[in-house]
Amino acid sequence: MDNTKIRVRYAPSPTGYIHIGNLRTALYNYLFAKHNHGTLILRVEDTDKERKVEGAVESLISSLKLLGIEYDEGPFKGGDYGPYFQSERLDIYMKYALELVEKGNAYYAFETSEELDAMREKQLADGKQTMYDGKARDFSKEKVEELLASGIPYVIRLKVPRDSEVTFEDIVKGTVTIETNLIDDQILIKSDGYPTYHLANVIDDHLMEVTHIIRGEEWVTSVPKHVLIYESLGWKPPVFAHAPLILNPDKSKLSKRQGDVAVEDYLKKGYLKETLINFLAFLGWNPGEGEEEELLSMNELILKFTLERVHKAGAIFNIDKLNWMNNHYIKEYDLDSIINMSLPYFEKANMDISNTERMRKIISLMRVYVDKLEDLPLKSEMFFTDKVKFAIPEEEEILKTEDSKRIMVSLKREVESVEMITPENFKEIMKKVQDETKLKGKGLYKPVRLALLGSEHGPDLAKVAEILGKEQIISFLNVYI
RNA sequence: GCUCCCAUCGACUAGGGGUUAGGUCACCACUCUUUCACAGUGAAAACACGGGUUCGAAUCCCGUUGGGAGCGCCA
C-alpha cells in the first residue's frame with residue numbers, strides 16, 4: 001500500500017431497513033477508515049427505480065448515526081466528490097459507457113427481457129453457464145445505426161474478451177482467477193438509460209478515488225467483470241476485501257424467516273448499540289494472537305481492526321452469544337441511561353412509571369435478569385400488580401398450610417410495626433418472624449416469597465420488599481390470613 | 001447444472017511443520033446466596049476424510065466429501 005490517503009465507501013441501496021449483514025459491512029468500512037485515519041464515503045446506489053423506497057436513505061443514515069458510525073462524505077454532508085446519489089450522476093455513467101463502445105469494449109444489444117429469460121432457461125436446462133449468447137457482439141456499424149434509428153429499446157453490454165483470464169487480489173480471499181469465457185457480457189446501461197450496479201460502481205469508485213472496496217462475499221463472483229471495466233477504461237482497480245457472509249443456523253445466508261435481520265428490529269427490542277457493534281465486529285473478524293478479550297468498545301475496535309484479520313469462512317449468527325453480550329452491557333451500563341432507555345418499554349406495557357425513585361430501584365434490581373430491555377417489564381411484573389400471579393399455580397396450596405398462616409400473621413404484625421420498609425429492617429423483621437415461628441430456611445422463605453411475588457425464585461427478598469412497600473406487602477399477606 | 005469460495009469443540013474463533021490444540025458463548029458440576037440470577041472455580045467438548053511432501057502434518061500440496069455464494073435490463 002502506498003501512502004495515499006485511505007478512502008473507503010459504504011454503498012447501500014435504499015430499499016428499506018438495514019440488514020444485519022449490511023451493518024457489518026458498514027462497520028468494517030468505518031473501522032478500517034478510522035484505524036487508518038482515512039475517509040468513509042456514504043454513496044447511495046439508487047439506480048433501481050422499481051425498488052427504491054421513500055425515506056429509506058434518511059432512516060438508514062439515522063440508524064448508522066445512532067450506532068456510532070459516522071461518514072465523512074456523502075448525502076446531506078457534502079464532499080469534493082459528489083453528488084453522492086447515483087441517480088444524480090446518470091450523465092457521467094452514460095459518458096463512460098459511450099467511451100467504452102467507442103473503444104470497442106462495449107456494444108449495443110437489442111434483445112427483450114423475455115428473449116433473455118428464454119435463453120437463460122434453455123441454458124440452465126442444458127446444464128450450461130447462463131449467459132448472453134453474444135448475438136449483437138459483432139453487428140456491423142451500419143446495422144447498429146439502423147437499429148438505433150428505428151427506435152427499438154437497447155442496452156449497452158460489456159464486450160468481455162474471449163479465451164483469456166482475469167485475476168485479482170483480495171485481502172481476505174487471496175488470489176482469485178477466472179476464465180473470461182465464463183464471464184457474461186454484462187449489461188452496463190439498461191434500456192431505461194440507467195446504469196447497472198456494475199458500471200456505476202466501478203465508475204464511482206474510481207472517480208471518488210476509493211482505495212479499498214470492503215463488502216460482503218456475495219460480490220466476489222462479479223469482481224472479474226468490474227476488473228474488466230477498470231482495465232477497459234484504463235483505470236487501476238482498488239484493493240478488494242470480501243468479508244465472509246453472516247449465516248443462519250442452517251448455514252444459509254442470513255435471511256428473514258429464520259429470525260430478525262433488520263438492525264431496527266434489534267434496536268427496538270432493546271439490544272444496545274454497544275452490543276450490536278461489538279458482536280458484529282467479531283462475526284468474521286477477531287484481533288488474534290494472544291488477544292483474548294472479546295468485550296471491546298468502538299474505540300478499541302478501531303485501534304485493533306485490520307483487514308488481514310478478517311476470517312474467510314462464513315459465520316453463523318448466534319443469538320445466545322448476542323444475548324449474553326447484551327446482558328453484560330445492560331449490567332455494566334450507566335444506570336441512568338438504562339433507566340431512560342427502559343422506561344418506554346414499561347409505558348408500552350401500561351405500567352405506572354410516575355414514581356421515578358421506585359422505577360430506579362426496580363430497574364437497578366432487575367436489569368441483571370434480562371437479555372434485552374424489551375424483557376424488563378415482564379420480568380418486573382410483580383411490582384405492578386395487586387394480585388400475585390403464581391409461576392406454578394399449584395404452589396399456592398403451600399400458602400394454605402398452618403405454618404404458612406403463622407408466618408403470614410407474624411410477618412404482618414412486624415411489618416405493621418415499622419414506619420416504612422427498608423432492606424435492612426426487612427431483614428430484621430424476617431429474623432423476628434423466624435424466632436417467633438421457629439421456622440427457618442426454605443420452610444420460612446418459600447412461603448414468604450410465594451405470598452409476595454408468586455415464585456420461589458427471584459431477586460433478593462429484602463430489596464423486593466422495599467420496592468413493594470408496607471401497604472402492598474400487608475395487602476398481599478391478608479389474602480392468606 | 002455451471003463457476004468461484006470455504007472447512008479447528010454444538011456456535012464464534014486463536015494457533016499454523018514438533019503445543020497437554022488456547023479463549024469466548026451455550027451445556028454440566030461445584031462455590032457464594034434463604035431461592036433464582038449475577039460472579040468465581042472446574043469439567044466435558046474440535047483439527048471432515050484419503051493420499052502425498054517431511055525425521056515429524058491440524059498446519060504445506062493433491063484429491064474426495066461436505067457446505068456456501070453467484071449465475072437478472074436487482075443491488
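Residue numbers start from 1 in every chain, and the chains themselves are labelled A, B, ... in the order their sequence lines are given, proteins ahead of strands. Every value quoted in this text rests on a predicted model; they were computed, and no experiment measured them.
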Counterpart residues, ring-ring contact (aromatic ring centres under 6.0 Å, His included), relative to A:His198 (two or more places apart): A:His226
Out of B:U24, B:A14, B:G70, whichever nucleotide has its closest atom nearest the side chain of A:His311: B:A14
Check: B:G23 base within 3.5 Å donor-acceptor of A:Glu291 side chain: no
Over-ring placement of A:Lys256 relative to A:Tyr17, 6.0 Å and 45° cut-offs: yes
Interface with RNA chain B, restricted to residues 243-253 of chain A and to heavy atoms under 4.0 Å: A:Leu245, A:Lys251, A:Ser252, A:Lys253
Minimum-distance nucleotide to A:Asn318 side chain [options: B:A11, B:G72, B:A75]: B:A11
B:A14 OP1/OP2 closer than 4.0 Å to side-chain N/O of A:Asn286: yes
Residue A:His198, side-chain heavy atoms: nucleotide from B:A75, B:C12, B:G23 that is nearest: B:A75
Under 3.5 Å donor-acceptor pairs involving side-chain atoms of residues 270-282 of chain A, not counting sequence neighbours:
residue	atom	partner	partner atom	Å
A:Tyr271	OH	A:Asn323	OD1	2.6
A:Glu274	OE1	A:Tyr333	OH	3.1
A:Glu274	OE2	A:Tyr333	OH	2.9
A:Thr275	OG1	A:Asn326	OD1	2.6
A:Asn278	OD1	A:Leu296	N	2.8
A:Asn278	OD1	A:Tyr329	OH	2.6
A:Asn278	ND2	A:Glu294	O	3.0

Sequence neighbours excluded, every pair satisfying ring-ring contact (aromatic ring centres under 6.0 Å, His included) that has a member inside residues 435-454 of chain A: none
Complementary nucleotide for B:U54 - Watson-Crick or wobble, under 3.5 Å: none
Pairing nucleotide - B:C38, Watson-Crick or G-U, each distance under 3.5 Å: none
Side chain of A:Lys321 - closest among B:C73, B:C5, B:C25: B:C25
Ring-face cation of A:Arg157 near A:Tyr108 (centre distance under 6.0 Å, axis angle within 45°): no
Any donor-acceptor N or O pair under 3.5 Å, side chains A:Ser252, A:Asp250: yes
Salt bridge (charged side-chain N to carboxylate O under 4.0 Å, His left out) pairs, two or more places apart, involving residues 165-178 of chain A: A:Lys173-A:Glu217
For A:Tyr28, all residues meeting ring-ring contact (aromatic ring centres under 6.0 Å, His included), sequence neighbours excluded: A:Phe305
Residues in contact with RNA chain B, drawn from residues 109-119 of chain A - heavy-atom cutoff 4.0 Å: A:Glu111, A:Thr112, A:Ser113, A:Leu116
Nearest listed nucleotide, side chain of A:Arg309, among B:A14, B:G72, B:C25: B:A14
B:C6 OP1/OP2 closer than 4.0 Å to side-chain N/O of A:Lys312: yes
Phosphate contact (B:G72 OP1 or OP2) by A:Thr196 side-chain N/O below 4.0 Å: no
Side-chain donor/acceptor contact of A:Ser191 with base of B:C73 under 3.5 Å: yes
Summary of protein contacts for nucleotides 30-48 of chain B, nucleotide by nucleotide, where a base hit scores B, a sugar-phosphate-only hit scores S (4.0 Å, heavy atoms): ----BBBBSS---------
Below 3.5 Å is the cut-off: list the nitrogen or oxygen pairs between protein and nucleotides 61-66 of chain B, distance only.
none

Atom P, compared across B:A14 and B:C27: separation rounded to whole Å: 24 Å
d(OH, A:Tyr194; P, B:A75) in whole Å: 11 Å
Polar contact flag, side-chain donor to acceptor under 3.5 angstrom, A:Asp204-A:Gln86: yes
Pairwise distance CZ(A:Phe390) to CD(A:Glu397) - rounded to 0.5 angstrom: 9.5 Å
Interatomic distance at C1', B:G18 relative to B:G50, whole Å: 23 Å
Whole-angstrom distance between B:A46 and B:U41, as gauged at atom C1': 24 Å
Test of ring centre spacing under 6.0 Å for A:His206 and A:Tyr230: no
Short side-chain donor-acceptor distance under 3.5 Å, A:Thr167 and A:Thr177: yes
ring-ring contact (aromatic ring centres under 6.0 Å, His included) involving A:Tyr96 - partner list, sequence neighbours excluded: A:Trp235
Nucleic acid contacts of residues 174-181 of chain A, taken as heavy-atom distances under 4.0 Å to RNA chain B: A:Val176, A:Thr177, A:Ile178
Nucleotide of B:C12, B:C6, B:C4 approaching A:Ile316 most closely (side-chain heavy atoms): B:C12
Earlier contact from the 5' end, RNA chain B, for A:Gly288 and A:Phe317: A:Phe317
Residue pairs, two or more places apart or on separate chains, that pass salt bridge (charged side-chain N to carboxylate O under 4.0 Å, His left out) and touch residues 174-187 of chain A: A:Arg137-A:Asp185
Interatomic distance at P, B:A7 relative to B:C47, whole Å: 16 Å
Between A:Asn248 and A:Ser255: side-chain donor-acceptor atoms closer than 3.5 Å: yes
Candidate pair A:Phe240 and A:Phe168, rule ring pair (Phe, Tyr, Trp, His ring centres under 6.0 Å), full reasoning: CA-CA 8 Å; A:Phe240 295 99; A:Phe168 67 92; 5.7 Å; yes
Spacing of A:Asn323 atom CG relative to B:U24 atom P, expressed in whole Å: 19 Å
Spacing between A:Glu218 atom CD and B:A75 atom C1', to the nearest angstrom: 9 Å
